[in-house]
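Chain A is the first sequence line, chain B the second, and so forth, proteins listed ahead of strands; every chain is numbered from 1.
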2 protein chains.
Amino acid sequence: MTAPYFTGNGVTIYHGDMLDILPDVTGFDALITDPPYSSGGAFRGDRTKLTVDKYVQGGTATYRPEFAGDTRDQRSFAAWCLLWLNIARQNANPGAVVASFTDWRQLPTLTDAVQMAGWVWRGVAIWHKGFGRAQPGRFSSAAEYVVYGATPDTQPNGDYPPGLFHHPIVRDKVHIAEKPLAVMEWVLRYVPQGGTVLDPFMGSGTTLHAARNLGLTAIGIESDERYCEAAARRLDQQVLPLWEA
Amino acid sequence: MTAPYFTGNGVTIYHGDMLDILPDVTGFDALITDPPYSSGGAFRGDRTKLTVDKYVQGGTATYRPEFAGDTRDQRSFAAWCLLWLNIARQNANPGAVVASFTDWRQLPTLTDAVQMAGWVWRGVAIWHKGFGRAQPGRFSSAAEYVVYGATPDTQPNGDYPPGLFHHPIVRDKVHIAEKPLAVMEWVLRYVPQGGTVLDPFMGSGTTLHAARNLGLTAIGIESDERYCEAAARRLDQQVLPLWEA
DNA sequence: GCCGAGAATGAATCCATCC
DNA sequence: AGGATGGATTCATTCTCGG
């Protein structure tokens, strides 16, 4: 098995391709993640743009590192999600749960993949970002979605997280798609208490950070070494900074 | 063609089976509706009762058998939505739009049906109802969804409706699934100005009521004569009451 | 410290233009 | 049924900064 890139403070980070490492990762109680949406535009030309081009346009925005794996069409996105969702379900502890972010465009594809992978789809939670980019003649898109599910034998954990969570986006992002810490803490309320969380698309490590705040153990996998380094630096600290304003 | 049950004040109501009447209805610019979700309550008893009540017609065709099973439930819901979504698209004016309510469980099925019927799916809007019934170990479900789309040649109408609308549910309902007037007015901001709205699942007539408030013409179809009567009484008035607290 | 005005920004989208 | 690229456009909310 691949050696961890970082261990400490209840956190383990693996650097490498998610599909290579995932088969060897076991003993977790929750798969909580934020995969590349492979969204961004109705046309293949739009979708296959670099993430820095399709998600940060307008000239004035600050440059952020490119991230990989965001160019799949819907069929391959479905097949690819099925792959990791299924491996994770097989390797998870009994009673495990799953929760994954998505946008409106891939929501139906993701609910299909979750169910095909053997999880029981239990619902959709909403992260409301407060505002979206307004466009004439359509509703402004100001939300992202969390598709969540469980194994058939999952026991309720006793918490009652709200189905809609309102929180503004992160301003000084390290990763383009970085989630606010508070948003991840909200989603992690779905995890069995004291359990271990796996995030195979770690990015800047917000899931692991939030897990640590809540007293959960966490495992992250990330293919881009720059993000591994940033996350390790972030999580190596004894007392975690807020990381966000 | 069937004679209208009621006409007046820019409103037309047809009483009868939606699939019988719909092929003869033309000249509308928007299909805005709230069909039976077929996922309704948590219990199969609720579901069965609902479909029996709503879909039994004086004749041969019945839908109840398809709505009993678990798997065929969703498939027949998809096929049935495809049916009316397709007829409506063919009969609509050029540039027409569509918006239909659904709950989380049928959201992927409905987005499929909308697209299979030839509409371009353009997004999901959210009606947040406040607080749903909390259940341990899962996110509380307090939202319903509006799947919206358009024909390929639709021109933007210049309005910028918010993608999330917060409004409490109706207290003194006439119809079980009655939507607040304000919620319908929010959705109708998606309709081309001054256009004609079709609602093939009229119920108590909230869509027509809201359309009239916004200066739109409206057509409703309803299979249950009790609702036709209630809606006609409601819409016959020169000045409409608020209808809700 | 509070308030208001102005600037910045967004897990976009559309479309003209060029290859 | 062409496909890729880049610039213009949009407004609600947040941020910044000065009074």
Side-chain angles (χ1 to χ4, degrees), chain A residues 33-74 77 81 100-107 109-110 125-147 165-180 182-184 187 199 201-204 206-207 224 227 242 244-245, chain B residues 95 118 120-126 148-166 186 189-190:
Chain A
T33 195
D34 186 21
Y37 291 176
S38 289
S39 195
F43 309 105
R44 192 161 66 101
D46 288 332
R47 218 172 32 240
T48 53
K49 283 178 181 172
L50 295 177
T51 58
V52 290
D53 290 329
K54 64 180 174 182
Y55 296 137
V56 186
Q57 291 185 16
T60 55
T62 46
Y63 176 82
R64 300 188 191 94
E66 176 71 13
F67 68 92
D70 199 58
T71 56
R72 294 179 177 84
D73 68 20
Q74 272 195 327
F77 180 77
C81 287
S100 174
F101 281 85
T102 183
D103 70 351
W104 65 269
R105 200 182 292 275
Q106 299 286 29
L107 177 57
T109 307
L110 185 60
I126 300 163
W127 170 35
H128 185 233
K129 299 186 275 187
F131 69 99
R133 206 169 219 142
Q135 295 181 51
R138 56 166 65 183
F139 298 92
S140 74
S141 166
E144 291 183 31
Y145 301 89
V146 179
V147 171
F165 189 75
H166 182 94
H167 197 275
I169 55 170
V170 176
R171 278 291 151 177
D172 298 315
K173 290 178 185 173
V174 171
H175 192 288
I176 293 177
E178 187 173 328
K179 298 288 175 286
V183 169
M184 291 313 307
V187 172
D199 182 357
F201 305 98
M202 183 188 66
S204 58
T206 308
T207 307
D224 190 323
Y227 290 126
L242 277 180
E244 54 175 338
Chain B
V120 180
W121 176 34
R122 307 206 46 192
V124 174
I126 301 163
Y148 66 97
T151 45
D153 55 348
T154 303
Q155 296 302 312
N157 74 354
D159 200 356
Y160 297 83
L164 185 140
F165 190 74
H166 182 94
W186 160 63
R189 290 177 59 183
Y190 183 54

Between A:Gln106 and A:Tyr145, is any side-chain donor less than 3.5 angstrom from a side-chain acceptor?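 Distance-only check fails for A:Gln106 and A:Tyr145.
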**Message:** Less than 3.5 Å apart, any donor N or O on the side chain of A:Thr51 or A:Asp70 sitting next to an acceptor on the other?
**Reply:**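 Note: A:Thr51 and A:Asp70 side chains miss the donor-acceptor criterion.
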Handout entry: Residue closer to the 5' end of DNA chain C, A:Arg138 versus A:Ala177 (nearest nucleotide)
Key =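 This one resolves to A:Ala177.
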Would you say the ring centers of A:Trp127 and A:Phe165 fall short of 6.0 Å from each other?
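Centroid separation for A:Trp127 and A:Phe165: 6.0 Å or greater.
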Could you state the atom-to-atom distance from [atom1] of [X] to [atom2] of [N] in whole Å?
{"X": "A:Asp70", "N": "C:dA12", "atom1": "CG", "atom2": "C1'", "value": "13 Å"}
{"X": "A:Trp104", "N": "C:dT13", "atom1": "CH2", "atom2": "C1'", "value": "10 Å"}
{"X": "A:Asp172", "N": "C:dA8", "atom1": "CG", "atom2": "P", "value": "15 Å"}
{"X": "A:Phe139", "N": "C:dA12", "atom1": "CZ", "atom2": "P", "value": "18 Å"}

Secondary structure of DNA chain C per the Watson-Crick/G-U criterion (both distances under 3.5 Å; [ ] crossing, | other strand, . unpaired) is .|||||||||.||||||||
key: Test salt bridge (Lys or Arg N to Asp or Glu O under 4.0 Å) applied to A:Asp34 - qualifying residues, sequence neighbours left out   =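 Once residues adjacent in sequence are excluded, the partners of A:Asp34 under the salt bridge (Lys or Arg N to Asp or Glu O under 4.0 Å) criterion are A:Lys179.
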* Would you say the side chain of A:Lys173 and the base of C:dA11 hold a donor-acceptor pair, judged only by whether the two atoms sit under 3.5 Å apart? ->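 No, no donor-acceptor pair under 3.5 Å.
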* Determine the contact category for B:Pro156: base if any of its heavy atoms lies under 4.0 Å from a base atom, sugar-phosphate if only primed atoms, P, OP1 or OP2 are that close, otherwise nothing. =>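 Nothing: the residue B:Pro156, judged by heavy atoms under 4.0 Å, touches no strand.
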Practice task
Using a heavy-atom cut-off of under 4.0 Å over every strand shown, decide if A:Pro36 touches base, sugar-phosphate, or nothing.
Solution key: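 Here A:Pro36 touches the bases of the nucleic acid.
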Do the side chain of A:Tyr37 and the main chain of A:Arg105 share a donor and acceptor less than 3.5 angstrom apart?
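Judged by distance alone, no pair lies under 3.5 Å.
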Reported CD-to-OH distance for the pair A:Glu178 and A:Tyr227, which is rounded to 0.5 angstrom
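Nearest 0.5 Å value for the CD-OH distance: 9.0 Å.
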Check the phosphate of C:dA12 against B:Arg122, side-chain N and O only, distance under 4.0 Å to OP1 or OP2. Yes or no?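 Checking C:dA12 against B:Arg122, no side-chain N or O comes under 4.0 Å of OP1 or OP2.
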Could you pull out the protein-nucleic contacts involving nucleotides 10-14 of chain D (nitrogen or oxygen on both sides, under 3.5 Å)?
| residue | atom | partner | partner atom | Å |
| --- | --- | --- | --- | --- |
| D:dT10 | O3' | B:Tyr160 | OH | 2.6 |
| D:dC11 | OP1 | B:Tyr160 | OH | 3.2 |

